[in-house]
Amino acid sequence: MQESRLFQIVYYLLDKGQATAPELAKRFEVSVRTIYRDIDALRGAGIPVYAEAGRNGGIRLMSDFVLDQALLSGEEKQEILAALQSVNITRNLTESQTLQKLSAMFDLSSENWLEVDFSRWGNQGFDKEKFELLKTAVIHCRHVKIRYAGSGGDVGERTVQPYKLVYRAKAWYLKAFCTKRQDMRTFKLNRILELTILEERFVRRGFPEEPDDSEEDYPLITLRFPGEMAYRVYDEFDGNQIERQENGDLIASARMPEGAWLISFLLSFGTQVEIVSPVCLKEEIARQAKEIMEKNKT
């Protein structure tokens, strides 16, 4: 416990510049005497922390302080900075200068090795704004009013209590308590057409974790694609699900959930996909393709 508090004191001083012993005691819920013992322990470990008396005095670190190699290896320091960089976009670490401060503390440069763009092509920034607003609502437990396009084609307003932002299968989702349904729901961010953060706050409750889907519960779908569709096939399927044929065709086999999503997914390939099995899926795709043809006759 003491070792953890010592590191927290160092990080606190690094962030605040300086602090009084009573301030640190209140922060870490210990006595002032314990704080002074901790400061002595830090000095004994070679960390240049010192106290200045007087009205404007306090406990601080030397301005050129660099974390001792004995505490963290160079590789560990780089891993910490890389991890912080990877969440930079969602946590605004750059704005709070945490990365720069830790870089100085470690005497290392923080390389900007990762860039994430939340927006879709031609979206002009609304996806980023939407993500930032929802992140703020999640952190501060604020109700959000959304206009949402449901899977059944309906568009309506809901008031939700946002709990978690989740990235899964190439899309962002919001897990939230829907006050209309009085139940937990998952909303796809792309379908949130408008949103407003409300002043009303909520008390977080336990969000039931969804059981992992078992692939064994889904039918095995086997598809054939011409070789020129490789760019799309490898976008959608894992390499070990794909087998290249002598003539260049690609056979992809995967277990996928049945329903409207699967039909829409397969139709998105147009004439460049052949359903090998199951036969019932082949017949359904043919039926819907015929309907599309009838609707678009000139």
Side-chain angles (χ1 to χ4, degrees), residues 86-87 89-92 114-198 200 202 204-215 217-219 221 232-238 241 254-270 273 281 284-285 288 292:
S86 70
V87 297
I89 292 206
T90 59
R91 295 292 301 276
N92 286 328
L114 180 68
E115 180 176 344
V116 178
D117 190 341
F118 295 107
S119 60
R120 289 163 286 180
W121 294 109
N123 186 261
Q124 299 182 353
F126 179 59
D127 284 339
K128 289 183 180 179
E129 180 185 359
K130 186 191 307 181
F131 186 93
E132 286 297 320
L133 289 171
L134 288 172
K135 181 189 72 174
T136 298
V138 169
I139 292 172
H140 297 288
C141 296
R142 297 268 293 273
H143 282 78
V144 176
K145 180 185 287 186
I146 63 174
R147 191 162 71 90
Y148 188 72
S151 57
D154 59 309
V155 176
E157 287 191 349
R158 316 249 189 118
T159 298
V160 301
Q161 299 172 353
Y163 276 65
K164 185 186 298 186
L165 287 162
V166 178
Y167 185 80
R168 184 175 184 182
K170 304 179 186 177
W172 281 99
Y173 297 86
L174 172 69
K175 289 188 174 184
F177 181 82
C178 178
T179 58
K180 179 179 180 180
R181 304 296 184 188
Q182 285 295 298
D183 198 5
M184 295 294 184
R185 290 288 189 269
T186 300
F187 302 93
K188 193 170 186 178
L189 260 62
N190 287 349
R191 296 182 191 167
I192 297 177
L193 308 180
E194 297 175 8
L195 70 92
T196 304
I197 299 180
L198 306 178
E200 184 182 0
F202 64 91
R204 297 177 66 90
R205 67 193 80 188
F207 195 105
E209 293 297 328
E210 298 176 2
D212 293 336
D213 293 332
S214 173
E215 287 191 359
D217 296 335
Y218 300 144
I221 311 297
R232 174 81 190 279
V233 176
Y234 283 102
D235 272 351
E236 304 291 352
F237 299 94
D238 189 81
Q241 297 173 320
R255 294 190 179 277
M256 293 185 280
E258 296 179 285
W261 171 85
L262 179 59
I263 299 300
S264 176
F265 171 71
L266 294 174
L267 288 174
S268 71
F269 288 96
V273 61
L281 180 60
E284 178 61 19
I285 288 293
Q288 295 214 21
I292 293 172

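Everything numeric here is computed off the predicted structure, so don't read it as measured data.
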Practice task
Take Leu267 and Val273, measure what side-chain contact (heavy atoms from CB on, under 4.5 Å) needs, and give me the verdict at the end.
Solution key: CA-CA 8 Å; Leu267 288 174; Val273 61; over 6 Å; no

Exercise for the section: Evaluate the criterion side-chain contact (heavy atoms from CB on, under 4.5 Å) for residue pair Ile192 and Leu134; output intermediate values, then yes/no. Expected result: CA-CA 11 Å; Ile192 297 177; Leu134 288 172; 4.2 Å; yes

Practice task
Using the side-chain contact (heavy atoms from CB on, under 4.5 Å) rule, take Thr186 and Lys164 through it: C-alpha gap first, then chi angles, then the decisive distance, then the call.
Solution key: CA-CA 10 Å; Thr186 300; Lys164 185 186 298 186; over 6 Å; no

Handout entry: Derivation of the side-chain contact (heavy atoms from CB on, under 4.5 Å) call for Val160 and Arg185
Key = CA-CA 9 Å; Val160 301; Arg185 290 288 189 269; over 6 Å; no

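For the atom pair CG of Leu165 and NZ of Lys135, the computed distance is 9.5 Å after rounding to the nearest 0.5 Å. Between the NZ atom of Lys130 and the CG atom of Leu174 there is a distance of 10.5 Å, given to the nearest 0.5 Å. One finds the CD atom of Glu157 at 7.5 Å from the CD atom of Glu194 (value rounded to the nearest 0.5 Å). Here the CZ atom belonging to Phe237 is positioned 9.5 Å from the CD1 atom belonging to Ile221, to the nearest 0.5 angstrom. Within the model, atoms OG1 of Thr136 and CZ of Arg142 stand 9.0 Å from one another, a figure rounded to the nearest 0.5 Å. Here the CZ-CZ distance, from Arg158 to Phe177, works out to 12.5 Å after rounding to the nearest 0.5 Å.
With sequence neighbours left out, Glu200 forms a side-chain contact (heavy atoms from CB on, under 4.5 Å) with His143. Contacts of Lys188 classified as side-chain contact (heavy atoms from CB on, under 4.5 Å), with partners at least two apart in sequence or in another chain: Tyr148, Ala171, Tyr173, Asn190, Arg191.
Smallest separation of non-hydrogen atoms from Leu133 and Ile197: O-CD1, 3.2 Å. Between Cys178 and Phe187, the shortest heavy-atom contact is CB-CZ, 4.3 Å. Tyr163 and Met184 make their closest contact through CZ-CE, 3.9 Å (heavy atoms, listed as atom of the first residue, atom of the second, distance). Taking all atoms of both residues into account, the shortest heavy-atom contact from Pro162 to Ala176 is CA-CB, 3.8 Å. Pro257 approaches Leu262 most closely through the heavy-atom pair O-CB, 3.4 Å.
Taking the six-membered ring where the residue is Trp, Phe265 and Phe269 present perpendicular rings, their angle passing 60° and hence far from 30°.
Without hydrogens or angle criteria, Gln182 side chain to Thr179 main chain gives a donor-acceptor distance under 3.5 Å. Remark: the backbone N or O of Val155 is not paired with any side-chain donor or acceptor of Arg147 at under 3.5 angstrom.
Not less than 6.0 angstrom separates the ring centroid of Tyr167 from the ring centroid of Phe131.
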